[in-house]
Amino acid sequence: MKIKINFEDKVITYKKPILLPVQNIIQNTFSRMTLKDENNIFINTIDIYSLPGYYRTTLDIKKLVINRFFTKQLFNLENIIFDLPYFNSTIDSTSLDGEILFDIESALFTLLQSRLDPASIVKSNHLGIDELFHTKQCVKIKITPDKLKLKEISSFLNQQSKNGTIPRLRFDGNRKFELEELILFLNDLNESVLNCIEYIEEPFKNYSDLYDFKNCYKIKIAIDESLIYFLNSLDKLPSHTPIILKPALFGISKSFELIMSAYSMGHTVIISSTYQPASTFLSLIALAHFSNSLNLSELFHGLDTLSFLPDEYQNSQVLNSLSI
């Protein structure tokens, strides 16, 4: 089977600014990739993009490499193996950057999604603290070493716990904390709040602080940005480490492989989106269901970033598959 593609670029404005480590962005360029078969019959479309200052690969480079890939490939969709590159659909398994691999496999996934057909809703966490806090089951809160903001967060959470309306909590430290700064923040939280903390994502500037932290608290430390350094050595992580997996950085097939490897070593995998459009979300939902199946219970996955995108890049089928 031959697949032909073409791109149409569109500038989008996010509904609210995306706060990235290097910069905040409110506008971005997406490219709609149209897939047709060798008879020029329409197959599907997906939207690809890059996050400036966060992704390693620009949108222009993605389009160039993807076009070259599809130009020379013949696809066989009979013997599909989801944890092999391109799902075992090509003879040539050329190694590509994970960000580009994700876009290519997202395109192929539109032809294969019925083979996984998850039946139940995927639970997602909710980003940030707002007036609807008490209605959420799991909330992710970004924290920085700003003493005033940390005091506001601790005061809010302590009051909520007194009111009996505290959900499961996740903090994201984005590798900005010294050990002492994080301990001071946690010491300011009520015991009932501490008991609701599921994990803290990558809080420390120095990874070695993790081991001293474990002597003070039983709270789990999740890895996110550091995953790239542990791809081939997940066994070196502390036992039962929550792993935040962003398939858009590694590819769909690699994500299936990582999930199986992580669970074989006793870890837990949370699937996380990176502000991508709904057209690539079906693979994330499938990966979330796969992680749930190995965990033997449903997890809350980090799939709330669709709320940042304009309506054109939403999808009712995807939104109906998420419970936030």
Side-chain angles (χ1 to χ4, degrees), residues 48 50-51 54-57 62 80-90 93-109 112-113 115-116 118 122-125 140 170 172 174-175 198-202 207 210 220-276 280-305:
I48 67 171
S50 183
L51 277 179
Y54 186 81
Y55 279 21
R56 299 180 300 273
T57 314
K62 281 188 168 194
I80 294 301
I81 303 174
F82 282 101
D83 59 325
L84 290 182
Y86 319 112
F87 313 131
N88 197 44
S89 67
T90 66
S93 57
T94 303
S95 178
L96 294 175
D97 178 87
E99 295 171 9
I100 297 174
L101 179 64
F102 177 80
D103 292 330
I104 292 172
E105 291 183 338
S106 292
L108 295 174
F109 200 82
L112 304 170
Q113 63 200 44
R115 303 193 186 193
L116 291 177
V122 173
K123 293 180 179 179
S124 174
N125 63 204
K140 176 180 173 179
R170 296 169 173 176
D172 185 357
N174 284 126
R175 296 194 288 189
E198 184 178 4
Y199 57 72
I200 305 174
E201 292 180 30
E202 298 270 6
Y207 189 81
L210 164 66
K220 293 179 181 178
I221 299 297
I223 65 163
D224 183 358
E225 295 90 346
S226 296
L227 177 57
I228 192 169
Y229 305 114
F230 290 95
L231 288 180
N232 299 312
S233 54
L234 295 178
D235 58 318
K236 299 296 191 295
L237 293 170
S239 60
H240 307 295
T241 293
I243 295 173
I244 314 303
L245 174 57
K246 293 180 169 65
L249 302 181
F250 300 102
I252 301 170
S253 59
K254 182 64 176 178
S255 296
F256 274 107
E257 177 190 334
L258 284 169
I259 291 171
M260 289 189 289
S261 179
Y263 277 103
S264 72
M265 299 174 193
H267 305 309
T268 302
V269 179
I270 305 296
I271 303 302
S272 178
S273 57
T274 53
Y275 306 96
Q276 63 240 59
T280 63
F281 252 71
L282 292 177
S283 63
L284 302 187
I285 291 171
L287 286 163
H289 280 291
F290 184 55
S291 183
N292 288 347
S293 71
L294 297 181
N295 192 58
L296 303 180
S297 64
E298 278 199 301
L299 300 162
F300 286 86
H301 296 275
L303 303 176
D304 190 29
T305 58

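When reading the values below, keep in mind they use all heavy atoms of this one structure, side chains included, and skip hydrogens, waters and symmetry mates.
- Counting heavy atoms from C-beta on, the side chains of I271 and I259 come closer than 4.5 Å.
- Considering only residues two or more places apart in sequence or on other chains, K62 meets the salt bridge (charged side-chain N to carboxylate O under 4.0 Å, His left out) condition with D103.
- Distance OG/S255 to CZ/F82: 13.0 Å, rounded to 0.5 Å.
- Taking OG from S124 and CD1 from I285, the interatomic distance works out to 10.0 Å, rounded to the nearest 0.5 Å.
- Shown here are the ring-ring contact (aromatic ring centres under 6.0 Å, His included) partners of Y263, two or more places apart in sequence or in another chain: there are none.
- Within the structure, every pair that satisfies the salt bridge (Lys or Arg N to Asp or Glu O under 4.0 Å) test and touches residues 237-264, not counting sequence neighbours, is listed here: D224-K246, K254-E257.
- Annotation: side chain of V269 is not in contact with side chain of L258 (no heavy-atom distance under 4.5 Å).
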Residues 230-245 side chain polar contacts: donor-acceptor under 3.5 Å, at least two apart:
| residue | atom | partner | partner atom | Å |
| --- | --- | --- | --- | --- |
| H240 | ND1 | G266 | O | 3.2 |
| T241 | OG1 | P238 | O | 2.5 |

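- L101 is linked by a side-chain contact (heavy atoms from CB on, under 4.5 Å) to Y86, E105, S253, counting only residues two or more places apart in sequence or in another chain.
- S293 meets the side-chain contact (heavy atoms from CB on, under 4.5 Å) test with F290; sequence neighbours excluded.
- With hydrogens and angles ignored, the 3.5 Å screen pairs no side-chain donor or acceptor of E201 with any backbone N or O of R170.
- Under the rule for a side-chain hydrogen bond (donor to acceptor under 3.5 Å, both in side chains), T280 has no partner lying at least two apart in sequence or in another chain.
- Taking H301 as the reference, N292 meet the side-chain hydrogen bond (donor to acceptor under 3.5 Å, both in side chains) condition, with sequence neighbours excluded.
- We find the CG-CD1 distance between L96 and I104 to be 5.0 Å, quoted to the nearest 0.5 Å.
- The shortest distance between side-chain heavy atoms of I223 and Y229 does not fall below 4.5 Å.
- With sequence neighbours left out, R56 forms a side-chain contact (heavy atoms from CB on, under 4.5 Å) with D97, E99, I228.
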Open item on the list: For a side chain to side chain contact (heavy atoms under 4.5 Å, CB included) check, start with the C-alpha distance between I270 and Y199, then their side-chain angles and the critical distance, and finish with the verdict.
Closed with: CA-CA 11 Å; I270 305 296; Y199 57 72; 3.8 Å; yes

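- Residues passing the side-chain hydrogen bond (donor to acceptor under 3.5 Å, both in side chains) test with T274, sequence neighbours excluded: Y49, Y55, Q276.
- In this structure a side-chain-to-backbone donor-acceptor pair under 3.5 Å is present from S106 to F102.
- Residues passing the side-chain hydrogen bond (donor to acceptor under 3.5 Å, both in side chains) test with E225 are N174, sequence neighbours excluded.
- Here CG of L299 is found 11.0 Å from CG of N125. Values are rounded to the nearest 0.5 Å.
- Residues S272 and L303 come closest through the heavy atom pair C-CD2, 4.3 Å.
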